[in-house]
Amino acid sequence: MRYDLVIFDNDGVLVDSEPISNRLLAGYLSELGHPTSYEDSLRDYMGAAMHRVHDLVLERTGRRLPEDFDDVFHRRVFAAFEENLEAVPGVVGLLEKLTVDGVPYCVASSGSHERIRVGHRKTGLDRWFGDEHIFSSQDVGRGKPAPDLFLYAAQRMGFAPERCVVVEDSPLGVRAAVAAGMDVYGFTAMTPTGKLAGATRLFQDMGELAGLLTT
């Protein structure tokens, strides 16, 4: 293994949640008078913490989102997760191999702790991630593309940033990893390769990743 620690993004990397959450986000913003397509949501908010949604809407329209926006949105998302959420194909096999090989790993997500845990319980990934291996933008002052979350995860796990690799599928996440001084492997299953410029390597199938991390 070329690295001491593998840091996974969550949404779109471990759980196949990006299509679900971005369709719901686009629909809810449109309901509130901020016309947003699914493609708009992916472009502007994929991989971002919720404060980015509030910040961009305020910047573009001069209007604040309702105080209960996050609560309402997350209720809709969690309900949809219970119906449709699945683990990303190949993730369980990858986690099994990392565990057998004794390679430490964790998750560092823009999503809340509750969102991470709801998704992991639904998909069975909770068996692979204890509380000490879960880090959220809630734990730091700034979300991606700031490097704070990845640096915090590395510090808590006890590894130097330059010995860590991040697995990401969003442009904001790639920027955050680069800013943290970490290598980053860009997962292109639903993100065009051109949008992950700056990634150390690109890959399309999670089943490929174990081999890539050792070469």
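Every value quoted in this text rests on a predicted model; they were computed, and no experiment measured them.
Asp9 is not listed as a side-chain neighbour of Val167, based on a closest heavy-atom distance of 4.5 Å or more. Taking the side chain as every heavy atom from C-beta outward, Leu85 and Ile20 approach each other to under 4.5 Å. In this structure the side chain of Leu42 reaches within 4.5 angstrom of the side chain of Met190, judged on heavy atoms. The shortest distance between side-chain heavy atoms of Val92 and Leu125 falls below 4.5 Å. Counting heavy atoms from C-beta outward, Cys106 and Phe129 have side chains that stay 4.5 Å or more apart. Considering only heavy atoms from C-beta on, Pro104 stays 4.5 Å or farther from Asp4 through its side chain. Annotation: side chain of Leu29 is in contact with side chain of Leu65 (closest heavy-atom distance under 4.5 Å). At least one side-chain heavy atom of Glu96 sits less than 4.5 Å from a side-chain heavy atom of Trp128.
Around the CZ atom of Arg64, the shell of radius 6.0 Å holds no more than 12 heavy atoms that belong to other residues, nucleotides or ligands. Around CD of Glu86, the count of heavy atoms belonging to other residues, nucleotides or ligands within 6.0 Å does not exceed 12. Counting heavy atoms of neighbouring residues, nucleotides and ligands inside a 6.0 Å radius, atom CZ of Arg156 does not exceed 12 of them.
Of all heavy-atom pairs spanning Pro35 and Gly33, the tightest one is CD-O, 3.3 Å. Closest heavy-atom contact between Gly47 and Ser170: CA-OG, 3.7 Å. For the pair Ala48 and Leu172, the tightest heavy-atom approach, listed with the atom from each and the gap, is CB-CD1, 3.5 Å. Summarising the geometry of Pro19 relative to Asp16, their closest heavy-atom pair is CD-OD1, 3.8 Å, with the distance given to 0.1 Å. Shortest non-hydrogen contact noted between Ala153 and Ile7 is CB-CD1, 4.4 Å. The two atoms that bring Ala177 and Val184 nearest to each other are CB-CB, 3.7 Å, heavy atoms only.
Residues Lys97 and Asp101 are paired through a salt bridge, judged by an N-O separation under 4.0 Å between the basic side chain and the carboxylate. Classification of Arg121 and Asp126 as a salt-bridged pair fails, no side-chain N sitting under 4.0 Å from a carboxylate O. Contact check on Glu168 versus Lys144 returns a salt bridge, with a Lys/Arg side-chain nitrogen under 4.0 Å from an Asp/Glu carboxylate oxygen. Here Arg76 pairs with Glu31 in a salt bridge; the nearest charged N to carboxylate O distance falls below 4.0 Å. For Asp183 and Arg201, the salt-bridge test fails: no basic side-chain N is under 4.0 Å from an acidic carboxylate O. A salt bridge does not link Arg52 to Asp55: none of the charged side-chain nitrogens sits closer than 4.0 Å to a carboxylate oxygen.
A donor-acceptor distance shorter than 3.5 angstrom exists from the side chain of Gln138 to the backbone of His113, with no hydrogens or angles considered. Side chain of Ser109 to backbone of Asn10: no donor-acceptor contact under 3.5 angstrom is found. Formation of a donor-acceptor pair under 3.5 Å by the Tyr3 side chain with backbone atoms of Thr214 is not found in this model. Thr191 places a side-chain N or O within donor-acceptor distance of the main-chain N or O of Asp169, the cut-off being under 3.5 Å. Between the side chain of Ser137 and the backbone N or O of Gly143 there is no donor-acceptor pair closer than 3.5 Å. Panel note: side chain Thr36, backbone Ser30; no donor-acceptor pair is recorded below 3.5 Å.
Residues passing the side chain to side chain donor-acceptor pair (under 3.5 Å) test with Asn22 are Glu18, Ser41, sequence neighbours excluded.
Summarising the geometry, atom OH belonging to Tyr38 is positioned 11.0 Å from atom CG belonging to Leu24; distances are rounded to the nearest 0.5 Å. Here the CG atom belonging to Leu213 is positioned 5.5 Å from the OH atom belonging to Tyr185, to the nearest 0.5 angstrom. One distance of note links CZ of Phe73 with CG of Leu32; it measures 11.5 Å at 0.5 Å rounding. Here the CD1 atom belonging to Ile134 is positioned 8.5 Å from the CD atom belonging to Glu132, to the nearest 0.5 angstrom. How far CG of Leu58 is from NE2 of His51: 14.0 Å, rounded to the nearest 0.5 Å. Here the CE atom belonging to Met157 is positioned 5.0 Å from the CG atom belonging to Leu5, to the nearest 0.5 angstrom.
For the residue pair Ser21/Arg115, the side-chain donor-acceptor check at 3.5 Å is satisfied.
The distance between the ring centers of Phe78 and His74 falls below 6.0 angstrom.
Listed by first and then second residue, the ring-ring contact (aromatic ring centres under 6.0 Å, His included) pairs involving residues 4-34 are Tyr28-Phe69 (not counting sequence neighbours).
Leu25 is connected to Val15 through a chain of hydrophobic side-chain contacts under 4.5 Å among Ile, Leu, Val, Met, Phe, Trp and Tyr, so both are in one cluster.
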